[in-house]
K.L.:
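Sharing a structure here in structure tokens format.
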Amino acid sequence: MSTQRIAFIGLGNMGGPMALNLRKAGHEVAAFDLSAEACQRHADQGLRIAPSAAAAVEGAQVVITMLPASRHVESLFLPQGDAPGLLAALPAGTLVIDSSTIAPASARKVADAATARGLAFLDAPVSGGTAGAAAGTLTFMIGGDAATVERATPVLKQMGANLFHCGDAGAGQATKLCNNMLLAVLMIGTSEALALGNALGLDTKVLSEVMRRSSGGNWALEKYNPMPGVMEAAPASRGYTGGFGTDLMLKDLGLALEAALGANAAVPLGGLARQLYAAHSKAGHGGEDFSSILKLLTGEG
Ligand code: NAD
């Protein structure tokens, strides 16, 4: 594909490797993060760092954001007091892709403001974790119009292996919230079964393998076993470091519940999962990988 001038804002655990993949693919990337440390780390890896978000988007054909939560995305793009917001600085026709996980309502708010300015906007949150971000194998769940999805596809393919057009603006975020709510429930259920097996004196490695190949089989048993020592490559076997933080899962469960409230949808297990993750975070595990929820069930913490 032709070289694009891309502004990338948010160089965290996910955004950093995504921006590096775009540069490796030959695009001209200008990046920015509020954290000087993140900027320096990525400058050391050859990324061009701009002095501000406004400077990064100068001359950009594509703007990509990978920020923590709704408030960061809204305050970057939309007017705040006298400050006009970043959308106002972009020429009509610029493609804007937000890959942060945020509320569907926030995504629609930014999409509406972008459309009113003649910009092309997509919400495109991802799944696949930091390993997927580094390998360029993320799954993108995309909301927006079909023509914009087609235009964005060559760029998204440099960072992801699976692209799903889920519907209009906000549908990518809604899809992501459904997936992560299910993931939380699966992780808690898997942890509960392993904690019970442990209490019954079973070998949890054998139990894990039996359940993986039986009717209890699921993604946590397949790729992300929460019991330390069962799966070498899982965060549980490296002290629950790296991976997907408890507090980020807690944020996503909050977003799922908020969306469910707006739609009058019943999500009893999602609600319980949020309570359990909130208690786990309060007990001091917010920064650990979300599979550490096992500790709540074994009584370790
Ligand atoms: P992170 O906290 O590591 O990175 C976020 C970065 O955004 C930080 O470096 C922060 O300094 C920067 N930032 C915040 N506001 C900014 C602003 N106004 N301008 C410029 N930079 C700003 O988070 P992450 O793990 O990279 O996650 C990013 C998003 O992706 C989140 O919404 C998260 O839920 C989602 N996500 C994460 C994972 C994962 O495994 N970590 C997986 C899928 C989706």
Side-chain angles (χ1 to χ4, degrees), residues 7-21 30-43 47 49-57 63-78 80 83 85-87 89 96-104 106-107 110 123-142 159-162 172-173 175-184 187 219 223-224 234-235 240-256 277 286-292:
F8 202 108
I9 301 171
L11 300 172
N13 290 332
M14 297 293 287
M18 290 165 74
L20 287 169
N21 278 334
F32 176 71
D33 193 291
L34 283 179
S35 149
E37 185 274 324
C39 288
Q40 188 55 54
R41 197 158 24 87
H42 290 89
L47 211 55
I49 302 295
S52 64
V57 303
V63 174
I64 303 177
T65 44
M66 193 51 164
L67 303 174
S70 302
R71 67 178 187 282
H72 306 93
V73 175
E74 287 195 29
S75 65
L76 177 75
F77 282 127
L78 303 178
Q80 306 293 308
L86 205 61
L87 290 183
V96 181
I97 303 170
D98 177 42
S99 282
S100 330
T101 301
I102 66 170
S106 278
V110 179
D123 50 291
V126 302
S127 178
T130 49
T137 56
L138 293 169
T139 293
F140 282 91
M141 307 167 208
I142 311 168
M159 301 179 283
N162 303 298
Q173 297 295 352
T175 303
K176 170 76 180 165
L177 297 184
C178 293
N179 179 72
N180 275 26
M181 186 180 79
L182 176 59
L183 172 61
M187 186 55 81
W219 183 87
K223 302 218 161 112
Y224 217 95
Y240 299 104
T241 57
F244 181 49
T246 289
D247 281 345
L248 283 178
M249 177 53 98
L250 185 56
K251 172 201 65 157
D252 290 359
L253 287 166
L255 292 175
Y277 270 106
E288 293 177 8
D289 182 77
F290 80 113
S291 62
S292 63

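All values derive from a computational prediction rather than experimental measurement. We count ligands from 1, going down the list as the structure has it; atoms in each ligand are counted the same way.
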K.L.:
Are the side chains of F8 and L47 in contact, using a 4.5 Å heavy-atom criterion?
P.N.:
no
K.L.:
Check T246, T101, N180, I102 against K251 for a side chain to side chain contact (heavy atoms under 4.5 Å, CB included) and give me the one that passes.
P.N.:
T101
K.L.:
Who passes salt bridge (Lys or Arg N to Asp or Glu O under 4.0 Å) against R71, sequence neighbours left out?
P.N.:
none
K.L.:
Quick check: does any side chain N or O of N13 sit under 3.5 Å from a backbone N or O of T130, one acting as donor and the other as acceptor?
P.N.:
no
K.L.:
Taking the side chain as everything from C-beta on, heavy atoms only, tell me whether M141 gets closer than 4.5 Å to V126.
P.N.:
no
K.L.:
Tabulation required: pairs of a nitrogen or oxygen in ligand 1 and a protein nitrogen or oxygen under 3.5 Å; columns are atom names and distance to 0.1 Å; otherwise 'none'.
P.N.:
unit_1, atom_1, unit_2, atom_2, d
ligand 1, 3 (O), N13, N, 2.9
ligand 1, 9 (O), D33, OD1, 3.3
ligand 1, 9 (O), D33, OD2, 2.7
ligand 1, 11 (O), D33, OD1, 2.6
ligand 1, 21 (N), L34, N, 3.3
ligand 1, 26 (O), N13, N, 3.2
ligand 1, 26 (O), M14, N, 2.9
ligand 1, 32 (O), L67, O, 3.1
ligand 1, 32 (O), P68, O, 2.8
ligand 1, 32 (O), T101, N, 3.0
ligand 1, 32 (O), K251, NZ, 3.0
ligand 1, 34 (O), K251, NZ, 2.8

K.L.:
Within the 3.5 Å criterion, strictly below it, is a donor on S75 or Q80 matched to an acceptor on the partner's side chain?
P.N.:
no
